[in-house]
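Since this is a predicted model, take the numbers as computed values, not measurements.
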Amino acid sequence: MPGRSAKKIADPVNKQNLADFKVGVDNVIFSVDIAQNRLLVLLVMRPDEPFFGQWCLPGTLVRHGESLEDAAYRILSEKIRVNNLYLEQLYTFGGPGRDPREAPDSFGVRYLSVSYFALVRFAEAELIADGVSGIAWYPIKQVPKLGFDHNKILEYGYRRLRNKLEYSPIAFDVLPELFTLNDLYQLYTTVLGDNFSDYSNFRARLLKLGFLCDTGLKVSRGAGRPASLYRFDAEAFAPFKDKPLVFI
């Protein structure tokens, strides 16, 4: 009717413009070598094209009837044996052209990567070499140029790890059940750098918060005085959950 603005009718969906995706999962698997104060990431060598013979993050395409999380755990179980680990979804990478198998300027298949971030105990982790031409822990500062956009995924995972250390008890997923305060401090300095906090302030802050239990046991390492062994108390930590800057 005159005087009324006509409603704009949306164009029908052009099915030729809809992307056809294959979904993959790529895992950023970190560990901390406490003995040598090294942050490590697990890399595998590509056995096929594209990027044949080049280092990449462990990954897989999702199978029929398989959830994303199941795919992430599957690739973990195929590459590493470990009893204790922390795993969470990281980010989805799906920009056009991220995979060489995509045909440019066409309506071919696109490859989308749902990445996961994992943290495992180095002392307990056993690498599995079956079915791959290479698998290795790489110090984070020595990672080579990776295939696909895996350097970008790794960088994103590294930022997530540092952020998680600030407000969550993720460190206790990779420390032994009993640990010294210096063990905990060394883990933090390995990941966050030596300048994040001095040991005295770090020690005083954590003991004041009250979620570390002194077991009464001590351990001797080297010529110094025996160090007290502590245990993490998850129940006592509950009031601090998701509060930023708890640990630093």
Give the cluster check for [X] versus [Y]: same hydrophobic cluster or not, with ILVMFWY residues linked at side-chain heavy-atom distances below 4.5 Å.
| X | Y | result |
| --- | --- | --- |
| Phe148 | Val62 | no |
| Leu207 | Phe179 | yes |
| Leu206 | Leu217 | no |
| Ile75 | Val41 | no |
| Met45 | Phe51 | no |

For the residue pair Phe202 and Phe196, is the inter-centroid distance of their aromatic rings smaller than 6.0 Å? yes
Applying side-chain contact (heavy atoms from CB on, under 4.5 Å) to Ser228 and not counting sequence neighbours gives Asp214, Lys218, Tyr230
Does Ala123 have any side-chain contact (heavy atoms from CB on, under 4.5 Å) partners at least two apart in sequence or in another chain, and if so, which?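 Listed in chain order: nothing, the list is empty.
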Report yes if some heavy atom in the side chain of [X] is under 4.5 Å from a heavy atom in the side chain of [Y]; otherwise report no.
| X | Y | result |
| --- | --- | --- |
| Ile135 | Ile128 | no |
| Leu178 | Val219 | no |
| Leu43 | Pro144 | yes |
| Leu212 | Phe172 | yes |
| Leu175 | Ile34 | yes |
| Tyr73 | Tyr116 | no |
| Val120 | Leu42 | no |
| Trp137 | Phe122 | yes |

Quick check on [X]: does its [atom1] atom have over 12 non-hydrogen neighbours (other residues, nucleotides or ligands) under 6.0 Å away?
| X | atom1 | value |
| --- | --- | --- |
| Glu235 | CD | no |
| Tyr91 | OH | no |
| Arg160 | CZ | yes |
| Lys152 | NZ | no |
| Asn195 | CG | no |

Ion pair check, Arg74 and Glu78, cut-off under 4.0 Å: yes
From [X] [atom1] over to [Y] [atom2], what is the distance, rounded to the nearest 0.5 angstrom?
| X | Y | atom1 | atom2 | value |
| --- | --- | --- | --- | --- |
| Asp26 | Leu57 | CG | CG | 6.0 Å |
| Thr92 | Leu68 | OG1 | CG | 8.0 Å |
| Leu154 | Leu161 | CG | CG | 10.5 Å |
| Tyr199 | Gln186 | OH | CD | 9.5 Å |
| Asp198 | Arg203 | CG | CZ | 12.5 Å |
| Leu87 | Glu69 | CG | CD | 6.0 Å |

So, for [X] and [Y], which heavy atoms are closest and what is the spacing to 0.1 Å?
| X | Y | value |
| --- | --- | --- |
| Ile80 | Ala125 | CD1-CB, 3.6 Å |
| His150 | Cys56 | ND1-CB, 3.5 Å |
| Ala72 | Asn27 | O-ND2, 3.0 Å |
| Ala136 | Leu127 | CA-CD1, 4.2 Å |

Check the pair Tyr156, Phe117 against side-chain contact (heavy atoms from CB on, under 4.5 Å), reporting the backbone distance first and the verdict last. CA-CA 9 Å; Tyr156 199 98; Phe117 152 77; over 6 Å; no
Side-chain donor/acceptor of [X] to backbone N/O of [Y], under 3.5 Å:
| X | Y | result |
| --- | --- | --- |
| Asn151 | Leu146 | yes |
| Ser115 | Leu90 | no |
| Arg121 | Asp173 | yes |
| Tyr185 | Ser197 | yes |

How are the rings of Phe240 and Phe237 set to each other: parallel, tilted or perpendicular (split at 30° and 60°)?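 Phe240 vs Phe237 ring planes: tilted.
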Run through Leu39, Asn37, Leu165 and flag the one making a side chain to side chain contact (heavy atoms under 4.5 Å, CB included) with Leu187.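 Of Leu39, Asn37, Leu165, side chain to side chain contact (heavy atoms under 4.5 Å, CB included) with Leu187 is met by Leu165 alone.
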Stepwise side-chain contact (heavy atoms from CB on, under 4.5 Å) check, Gln54 with Lys145: CA-CA 8 Å; Gln54 192 165 339; Lys145 171 64 178 171; 4.0 Å; yes
Dump the intermediate steps for side-chain contact (heavy atoms from CB on, under 4.5 Å) on Phe52 and Arg46, then the final yes or no. CA-CA 5 Å; Phe52 172 76; Arg46 283 279 298 176; 5.5 Å; no
Arg162/Glu166 under salt bridge (charged side-chain N to carboxylate O under 4.0 Å, His left out): CA gap, chis, key distance, verdict: CA-CA 7 Å; Arg162 286 178 289 182; Glu166 293 180 0; over 6 Å; no
